[in-house]
Amino acid sequence: MKKIVAIEDLDNIRKIGLKKLMPDVPRAAVGLATCGIAAGGNIVYEKLKETFEKEKVDVYLTKTGCFGICHSEPIVNVRLPGKPLVLFSEVKPEDVSEIVKMVKEQSIDEQRALCKIEEWDHIIPEHPIFYGKGFNGIPLWNELPFFAYQKKLVMRNAGIINPEDIEEYIAVGGYYALFKALKEFMPDEVIEEVKRSGLRGRGGAGFPTGLKWSFARREKSDIKYIICNADEGDPGAYMNRNEMESDPHMVIEGMIIGAYAIGASEGFIYVRAEYPLAIERLSKAIADARAYGLLGENILGTGFSFDIHIARGAGAFVCGEETALIASLEGNAGRPRKRPPFPAQKGLFGKPTNINNVETWCNIAPIIQKGAEFFEKIGTEKSKGTKVFSLVGKVKRTGLVEVPLGTPLKTIVYDIGGGATNGKKVKAVQTGGPSGGCIPESLFDTPVDYERLAEAGSIMGSGGIVVMDEETCMVDTAKYFLEFAVDESCGKCTPCREGTYQMLNILKKITEGKGTRAELSLLEKTARVVKLTSLCGLGQTAPNPVLTTLKYFKEEYIEHIDEKRCPALVCRALINYFINPDACRGCTICARNCPVEAIDGKPGYVHIIDQDRCIKCGTCMEVCNFGAVVKLSGEKIETPLFPVPVKRG
Amino acid sequence: MDKQGIIKIVEKYKCDAGKLLNVLEDIQKEEGYLSEVSLKNVSSVLGIPLTKIYSVATFYSFFNLKPVGAHIVTVCMGTACHVKGAFQVLEALEDLLGVKPGETTEDGKFMLTTKDRKFTVNTARCFGACSMAPVIMVDGKIYGYVNAKKLPLILKEYGWGVKNEKDSSDRRP
């Protein structure tokens, strides 16, 4: 393959790529990131392929990543020549024939479509890409409430281009920023541009990226490294997975520009082993970039050499901390160490090392391409740009949501997410994973940026937003995160190892109704000690879920302690199941399904749960077809002592 | 795994950084777990003390030091799955497969294998498929929106509920 040296080489590949993106024949693409595949996207893809072949339809069938609207997967997008890109949602294998028909007859069923894209800003220097006009009965993509408040900067290509095709990435302006950086900028100028953009680390802490780069830049060393932290460990956060699966070249391009600015010759992407598809797509992207001379020796003929390797993590949350990650890369157990020296001075194998989160790297190309001013205009005074959040939990529209920093929580939860499911009331959101906190509904006016989330006691974290409703117990949530911290604490420093363990013990007692008020204050005190005295970020932030729930939901703790009641009906020791004698039809389904034979009854008779034997698994409630099983905490209903005939009528 | 096999894997990784974890993961991918023999052979091939390799293999939750069943069922315990009832899914799974709940192996990892060695149940932190919570993974394939009713259907794809040959031959007159 011919290596890219001149701008003409890049332009030529771009033309080839554009032919694939907007071919003269119809193009159909299936969203095949992990979420799309899990929803059955690959079955749809295979069936489309088979049917197109069978019916001899002239079509370019390909795959894309995830467009972010995960609750409507699988997504298939279709573009007829000269027409807008049309997205179809929830495509099942049985819908394939319908889509094949539309492609074959080149006529779109407007009622079936989710939305359309007429033009799209792939953050290309000159202009957005124009896909076509028409189909007036289909709403534009940003007319859907889910997208109306979004700004796609990091997810500029996700769900549109084929992530496994470097030519399509180049078609939408990919590697032009690299060309510009290497040919027109001195390394210091690149750093200056990133500094001026105001970009801050997207891993959670929000350290200014340009400043971080300048530390590694000024170190004198024969060899320097850069690392992409893709050990996305926060449960409930998956934006990094999607960024790597849907647009891997965007990560790679950012890393090459960063390596040039810092003077690094080798880079590593440390990916968690739970993301096999991300690893596969990154590996292909690296190989393709190498073949085009975008990685390896003498990149773009400039004399600059740099290469990227993939290292897999192995399921240790603490490895998201930079010194632990470095220890892990060196082949050790991933335990953090004291800083200073910072990785910029002594990092991997003792050499200057710069680590950034996946999403930080994703922002680099647009900043270079469009200039710091373009980026700096988005967001708030201190938090620039956009952030991708994974909006999950008990919310109607789950998915990946990219909004300008400073967007209020209520916009994200209600306008984009559509509020809670099943008509329930939203109680809180949890941001920042095990290091973050729970923010109550009363504070949903809070603009999401680094400072304001910290003021509320939480952190931005990598971007998980887990919505909790009235059926989520906040004490149980705190316990859940503490269990996580206890499991994942590496054990090196005492406050984290012992402190989190003691906190968990208290929380366990409270959820069992055995806690006391004295222990509640001990819990708070221990939390503060762990926060102040732990060695690394894991321990310093592990008490946040406890501290924020204590701050905003103390009454729930008190109810568990004083009244032995779990208002959300979650804590098992504090709830009981009863069969409402007025609603029971005596069908015996509950008794037959009870795993411990705790239900007494016979056909036509009211069933009764033996409270002493009941293990509170909830199976009876799930199988009852008449809604006769009720779950209560701190109260009970009158039930007969032995089975009596059911009331007819 | 024998030394020849390990040398073949090691040759794929030219770069020192990340090598040990990559090698251990490849071995586990092939054999399902890291046997004592494999660890000893990795030690001699890479020239790294066995104690250090043992320390690494036990530190990371991804590694199994004991043989696993033919199919691995992993229940995601991430936050989104937790609030949507991952614990109930895990309980239902344990119930269906007849593995005793709450058991852990001596190295503290959660892992349960059925008596016929057909299934191993374990848990993971998060697969990053949170939008479809609760999720489980069987042999690398992710299933979303799982509940107690769906579980038997999923397990059937992997031969659950089908008596193995020996059982059926026993019933022959």
Atom [atom1] of [X] with >12 non-hydrogen neighbours under 6.0 angstrom:
X	atom1	answer
A:Lys631	NZ	yes
B:Lys12	NZ	yes
A:Lys492	NZ	yes

Between [X] and chain B, which part of the residue has a heavy atom less than 4.5 Å away: side chain, backbone, both or neither?
X	value
A:Ser328	both
A:Ile310	backbone
A:Thr472	side chain
A:Cys473	neither
A:Phe349	side chain
A:Glu232	neither
A:Arg312	both
A:Val623	neither
A:Phe484	both
A:Ala237	backbone

For chain B, the option from [options] that forms the most heavy-atom pairs under 4.5 Å:
options	result
A:Glu266, A:Arg335, A:Met239	A:Arg335
A:Ala333, A:Ala311, A:Gly236	A:Ala333
A:Lys394, A:His71, A:Glu330	A:Lys394
A:Ala33, A:Cys490, A:Gly334, A:Gly393	A:Gly334
A:Thr34, A:Asn332, A:Thr477	A:Asn332

Check your understanding: B:Ala133 versus chain A, heavy atoms under 4.5 Å apart: side chain, backbone, both or neither?
Key ->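 For B:Ala133, neither part sits under 4.5 Å from chain A.
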
Can you tell me how far apart [atom1] ([X]) and [atom2] ([Y]) are? Round to the nearest 0.5 Å.
X	Y	atom1	atom2	result
A:Asp476	A:Leu569	CG	CG	12.0 Å
B:Ile6	B:Lys40	CD1	NZ	12.5 Å
A:Ile326	A:Asn229	CD1	CG	10.0 Å
B:Met77	B:Asn122	CE	CG	10.5 Å
A:Arg241	A:Leu400	CZ	CG	7.0 Å

Practice item. Pull out the residues in residues 268-275 of chain A that come under 4.5 Å of chain B, heavy atom to heavy atom, sorted by number. Key: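 Interface residues of residues 268-275 of chain A: A:Phe268, A:Tyr270, A:Arg272, A:Ala273, A:Glu274, A:Tyr275.
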
So which of [options] has the largest heavy-atom pair count under 4.5 angstrom toward chain A?
options	value
B:Ser131, B:Cys81, B:Ala148	B:Ser131
B:Lys84, B:Gln88, B:His82	B:His82
B:Leu24, B:Asp26, B:Thr74	B:Asp26

Point to revise | Matching residue for B:Val146 among B:Val75, B:Leu93, B:Leu153, B:Val89 - test: side chain to side chain contact (heavy atoms under 4.5 Å, CB included) | key: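 It is B:Val89; the other options fail the test.
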
Check your understanding: Checking side chain to side chain contact (heavy atoms under 4.5 Å, CB included) for the pair B:Val121/B:Leu90: CA distance, chi angles, key distance, verdict?
Key -> CA-CA 9 Å; B:Val121 179; B:Leu90 180 61; 4.0 Å; yes

Practice item. May I have the step-by-step check of side chain to side chain contact (heavy atoms under 4.5 Å, CB included) for B:Met132 and A:Glu73, ending in yes or no? Key: CA-CA 10 Å; B:Met132 290 182 283; A:Glu73 294 278 6; 5.9 Å; no

**Study point:** Derivation of the side chain to side chain donor-acceptor pair (under 3.5 Å) call for A:Glu243 and A:Asn240
**Key:** CA-CA 5 Å; A:Glu243 285 147 14; A:Asn240 290 168; 3.0 Å; yes

Review point. Checking salt bridge (charged side-chain N to carboxylate O under 4.0 Å, His left out) for the pair A:Arg572/B:Glu91: CA distance, chi angles, key distance, verdict?
Key: CA-CA 13 Å; A:Arg572 213 168 255 202; B:Glu91 267 188 345; 2.7 Å; yes

Point to revise | From CA spacing to verdict: salt bridge (charged side-chain N to carboxylate O under 4.0 Å, His left out), B:Lys29, B:Glu25 | key: CA-CA 6 Å; B:Lys29 204 172 179 183; B:Glu25 276 170 39; over 6 Å; no

Review point. Using non-hydrogen atoms and a limit below 4.5 Å, what part of residues 136-143 of chain B faces chain A?
Key: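 Residues B:Ile142 are the ones that qualify, each having a heavy atom under 4.5 Å from chain A.
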
Point to revise | Audit row: A:Asn593, A:Glu622, side chain to side chain contact (heavy atoms under 4.5 Å, CB included) steps and yes/no | key: CA-CA 10 Å; A:Asn593 280 282; A:Glu622 240 173 75; over 6 Å; no

**Study point:** Verdict with reasoning, A:Leu277 to A:Leu32, per side chain to side chain contact (heavy atoms under 4.5 Å, CB included)
**Key:** CA-CA 10 Å; A:Leu277 186 63; A:Leu32 292 180; over 6 Å; no

Check your understanding: Are the ring centres of B:Phe119 and B:Tyr158 closer than 6.0 Å?
Key ->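 Here the rings of B:Tyr158 and B:Phe119 have centres that are no less than 6.0 Å from each other.
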
Practice item. Could you walk me through whether B:Asp16 and B:Lys19 pass the salt bridge (charged side-chain N to carboxylate O under 4.0 Å, His left out) test, one step at a time? Key: CA-CA 5 Å; B:Asp16 274 346; B:Lys19 189 187 265 179; 3.5 Å; yes

Point to revise | Residue pair B:Thr79 / A:Phe481, side-chain heavy-atom distance below 4.5 Å | key: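 Result yes, sub-4.5 Å side-chain heavy-atom pair found.
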
